[in-house]
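Let me begin by presenting the structure, written as structure tokens, before commenting on it.
Whatever order the structure lists ligands and atoms in, that order sets their numbers, starting from 1. Computed from heavy atoms alone, side chains included, the values below leave out hydrogens, waters and symmetry copies. Since this is a predicted model, take the numbers as computed values, not measurements.
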Amino acid sequence: RKSSAVADKDLITKTEKGAQKKKQTKLDTNPPKGTRDFYPEDMRQRTWLFSQWRDVAKTYGFSEYDAPVLESESLYTRKAGEEVTEQLYNFVDKGDRAVALRPEMTPSLARMVMAKKGGLNLPLKWFSIPQCWRYERMTRGRRREHFQWNMDVWGVDGVEAEAELLSAMVDFFERVGLTAQDVGIKVNSRMVIGEVLTELGIPEEKFAATCVLVDKLEKVPIDAIQDDLAELGLDRSVVEKLTEVLTNKSIESIASVLGPESEAVKELSKLMSLCKAYGIDEWILFDASVVRGLAYYTGIVFEAFDRKGELRAIAGGGRYDKLLETFGGDPTPAAGFGFGDAVIIELLKERDVLPSFSSADIDSVVFAMKPELYDDAIAIATKLRKAGQSVDVVLEKKKTKWVFKHADRIQSKYVIIVAPDEFANGEVSVKDLSCGEQTSIKIEELNEWVEKTSS
Ligand SMILES: Nc1ccc(Br)nc1
């Protein structure tokens, strides 16, 4: 046993070491894996993108809605082998409830529509910009969250709804400076596969899962999903017939395969003529291989892609008439699209049409040359703010040199200096940072000055 003095010394050392250790364990300042922080410049870019999306939605008469990012896991247990449900960001909460961070918005929308039962006046034209989540093993190091612009029309069973959605998509692309040479929108109908499978005697209940597998065929070699196909009872001859049909790149060629009475051909032809009426047909191309990866699509599906890159999907959507029934609701026709925030920003950067967001758009920096003039300076700042300017007040005692450097750094348009001599004459000194010119302005004429400089 050690004497008490030695024991005390050891204890003190241990405590010091503990304290040092505590000091050394630095906070990990990274956001959680797969997630992003939005610093002010990033946030200005995100706000700009969302305002483009909101402007289009308003122009098309859509209303904004929202729902919790956390939903019951039961909203997504569709068992159709979709990536979006296999990578659910789910957990059991402290109330022992199986919950998930939403991977997409459509099921929440369906839940909200069902909650109102017949109480909603159809058609609904609703939009939202939810943050959506997935939990992917970090093997691929991909993001786990993104913001996805959702536009949906409920209660319209004609392809007029899809045509309106396609036009809204094109409107967005044009607003942000993209052309039909940059982006194309592939259009197909799942009824094409439906009619082929029916002809081949494949039962209707295998239709959705087959589409999900066919969508995967686009990305992985066939033997990677051979077992899944076999499990679905799709033998080699069925798969070969399907892949042969999916290589068709024109509605005419599909019509020769499906016959003149094909519903799929009729609805595709009608959609194409509506696209001509909107003047967007140069953006639209038929592609029988497009099926999209969501099980609940039932008819028209479409996918916007960049024509010059590696043909990445930018946005996607389609008709999903049966979703409400799968939740036990009344049959209600619906169509919509989802548009992620990441790919489009990459594309705008590549096409060099992304605006700069480096400055916070400050009109004036207001500065009291002497501390005793601070109260007068904030009264002047208040006057400028009430006149509509965005004003940055220098809150501490600073040298003029620092103020000009600061104003330059935040790219303010003007510096308003409240200095003793001018103030005694009822004036302030205004420096125009675009040309360096410095003039005196009467305080009672500041509103007119704001008016003149903001027009
Ligand atoms: N569904 C989903 C969610 C989150 C991301 Br990132 N990508 C797809």
Side-chain angles (χ1 to χ4, degrees), residues 30-38 42-43 45-46 49-50 53 65-91 98-112 127-152 165 169 208-209 211-213 215-216 218-220 290-297 301-306 309-318 320 323 326-327 334-349:
N30 295 307
K33 275 189 186 311
T35 69
R36 298 166 290 177
D37 293 324
F38 288 86
D42 311 314
M43 199 61 201
Q45 173 176 284
R46 177 175 131 185
L49 175 64
F50 289 13
W53 283 343
Y65 70 98
D66 196 6
V69 67
L70 186 74
E71 285 278 10
S72 162
E73 185 186 68
S74 61
L75 230 53
Y76 313 107
T77 48
R78 301 193 286 255
K79 295 185 182 47
E82 299 150 286
E83 201 176 77
V84 81
T85 54
E86 286 175 343
Q87 296 175 346
L88 212 48
Y89 206 126
N90 59 334
F91 55 96
V99 291
L101 297 180
R102 65 187 165 211
E104 52 170 340
M105 194 59 157
T106 311
S108 300
L109 172 55
R111 177 180 59 71
M112 289 170 68
F127 84 97
S128 189
I129 309 178
Q131 188 174 31
C132 296
W133 296 80
R134 67 182 168 196
Y135 190 93
E136 198 177 46
R137 299 273 162 233
M138 285 320 281
T139 42
R140 291 168 62 171
R142 291 198 298 176
R143 277 178 302 100
R144 285 183 169 160
E145 53 76 22
H146 72 169
F147 287 87
Q148 187 190 56
W149 178 35
N150 278 249
M151 293 266 281
D152 290 89
L165 289 163
M169 223 183 225
C211 289
V212 172
L213 280 180
D215 181 65
K216 283 181 183 166
E218 289 281 295
K219 300 163 187 100
V220 298
V290 173
V291 280
R292 299 297 296 161
L294 290 170
Y296 50 66
Y297 286 134
V301 285
F302 48 89
E303 177 177 291
F305 67 99
D306 85 56
E310 53 281 12
L311 307 188
R312 284 164 299 177
I314 302 167
Y320 52 98
L323 186 59
T326 62
F327 287 167
F337 67 70
F339 200 131
D341 67 330
V343 175
I344 187 64
I345 290 292
E346 285 317 308
L347 182 57
L348 294 174
K349 278 179 189 161

Among all protein non-hydrogen atoms, which one is nearest to atom 2 (C) of ligand 1, and what is the separation to 0.1 Å? P103 O, 3.7 Å
One finds that the ligand 1 atoms under 4.0 Å from a non-hydrogen atom of V84 are 1 (N)
Do I345 and Q45 come close enough that some side-chain heavy atom pair is under 4.5 Å? yes
Indicate yes or no: does E136 engage R144 in a salt bridge with an N to O separation below 4.0 Å. no
Given that the side chain starts at C-beta and the backbone is N, CA, C, O, which of these parts of R142 lies under 4.0 Å from ligand 1, counting heavy atoms, or is it both or neither? neither
Answer with yes or no whether E104 contacts ligand 1, where contact means a heavy atom under 4.0 Å from a ligand atom. no
State the atoms of ligand 1, each with its element, that fall below the 4.0 Å cut-off from a heavy-atom position in R143. 6 (Br)
For atom 7 (N) of ligand 1, what is the nearest protein heavy atom, given as residue, atom name and distance? R134 NH1, 3.4 Å
I'd like to know whether the aromatic ring centres of W53 and F127 sit less than 6.0 Å apart in this structure. no
Check this for me, if you would: do E83 and R142 make a salt bridge, where the nitrogen-to-carboxylate-oxygen distance has to be below 4.0 angstrom? yes
Measure from NZ or CZ of R292 to the centre of the six-membered ring of Y297 and say whether it is under 6.0 Å with the direction within 45° of the ring axis. no
Can you confirm if the NZ or CZ of R46 lies within 45° of the ring axis of F147 and under 6.0 Å from the centre of its six-membered ring? yes
Polar contact flag for C132 and ligand 1 (N/O pairs, less than 3.5 Å): no
